[in-house]
Amino acid sequence: MTDPSHLNEIRQSYDTVAADYARCVKDPGALDPVSRAVLFAFAELVTSSGLGPTADVGCGPGKVTAYLTGLGVSAFGVDLSPKMIALARAAHPDLRFDVGSMSALAAGDGELGGVLAYYSTHHLPPAELPAVYGEFHRTLAPGGRLLLVTRVGEEGRQRRTYGYGDGDPAPFDSYRLPADRIAGLLEQAGFAITAQTLQAPEEGAKRPVAGFLARKPVVDTVR
């Protein structure tokens, strides 16, 4: 099956900027206290459930995957970009990293105890989010946990033609949605939202950041 053109573009763009991205993006331990607290809460929830491994979808160079592992999570990373995965494997040779798409995860029904989507869904057109959230729901065990973190705002699309660090030429589309719409789409996919955070934009950023902690109900009500 041929990937949609925008997935090919995402893959090629992140292959182009992979080295600069890995150098520029903060280690999770250097994040602000609220961001670290949200990751810590997610880690505690998935480790205490004992339901299965956690997939870090859109893992990039593996920094968050490794951070979760340090918190006791049995985590592995998935990313569209082969070059990102190569960097992740080189930096963390003891961890598992797979080339793959969050829209078609290589996991069976109910196989995962957790799914993390950390600043990784914003490149998807909004029309594709219900299917992706449905894929998260499919792969999670009943009682499994999802953490989705993304920038939010009035609905819109932003086009960039450059990347990280030295500004490598690479096209990126980013889509913004209001937090309440994302919450509604997660609920339509069958999730129960257990906590939600909204952080003001950090210095130099324009958009607030929303975090959604959600649970796949033990009794599934999705039709």
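For the numbers below, each heavy atom of this structure counts, side chains included, while hydrogens, waters and symmetry mates do not.
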Could you check if a side-chain atom of [X] sits within less than 4.5 angstrom of a side-chain atom of [Y], using non-hydrogen atoms only?
| X | Y | result |
| --- | --- | --- |
| Phe136 | Lys216 | no |
| Leu7 | Leu80 | yes |
| Val78 | Asp56 | no |
| Glu155 | Arg176 | no |
| Phe40 | Leu71 | yes |
| Tyr118 | Leu148 | no |
| Gln196 | Phe212 | yes |
| Thr65 | Arg96 | no |

For atom OH of Tyr119, decide whether the heavy atoms of other residues, nucleotides or ligands shown that lie under 6.0 angstrom number more than 12.
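Yes, OH of Tyr119 has more than 12 neighbouring heavy atoms, counting only those of other groups under 6.0 Å.
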
Using the rule that two of Ile, Leu, Val, Met, Phe, Trp, Tyr join whenever any of their side-chain heavy atoms come within less than 4.5 Å, decide whether [X] and [Y] are in one cluster.
| X | Y | value |
| --- | --- | --- |
| Leu177 | Val149 | no |
| Phe191 | Val132 | yes |
| Phe76 | Ile85 | no |
| Val115 | Leu147 | no |
| Leu105 | Tyr133 | yes |

Can you name the nearest heavy-atom pair linking [X] to [Y], along with the distance?
| X | Y | result |
| --- | --- | --- |
| Leu112 | Ala55 | CD1-CB, 3.8 Å |
| Ala66 | Leu95 | CA-CD1, 3.7 Å |
| Leu146 | Phe42 | C-CE1, 4.0 Å |
| Lys63 | Val25 | NZ-O, 2.6 Å |
| Tyr21 | Pro61 | CE2-CD, 3.5 Å |
| Leu51 | Gly144 | CD1-N, 3.5 Å |

Once rounded to the nearest 0.5 Å, what's the spacing between atom [atom1] of [X] and atom [atom2] of [Y]?
| X | Y | atom1 | atom2 | value |
| --- | --- | --- | --- | --- |
| Met102 | Glu128 | CE | CD | 10.5 Å |
| Ile193 | Leu186 | CD1 | CG | 5.0 Å |
| Arg207 | His122 | CZ | NE2 | 12.5 Å |
| Ser174 | His123 | OG | NE2 | 5.0 Å |

Using a 3.5 Å distance criterion without hydrogens, assess whether the side chain of [X] forms a donor-acceptor pair with backbone atoms of [Y].
| X | Y | value |
| --- | --- | --- |
| Ser120 | Val57 | yes |
| Ser48 | Leu45 | yes |
| Asp15 | Lys83 | yes |
| Arg138 | Ala107 | yes |
| Asp173 | Arg159 | no |
| Thr197 | Gly211 | yes |
| Glu111 | Leu140 | no |
| Asp79 | Ser81 | yes |
| Asp27 | Gly29 | no |

Cationic N near anionic O, under 4.0 Å, Glu187 to Arg215:
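Salt bridge flag = no for Arg215 with Glu187.
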
Mutual orientation of the aromatic rings belonging to Phe172 and Tyr14 [parallel < 30°, tilted 30-60°, perpendicular > 60°]
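Perpendicular: the ring planes of Phe172 and Tyr14 meet at over 60°.
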
Result of checking Leu39, Leu31, Val38 against Ser35 for side chain to side chain contact (heavy atoms under 4.5 Å, CB included)
Leu31

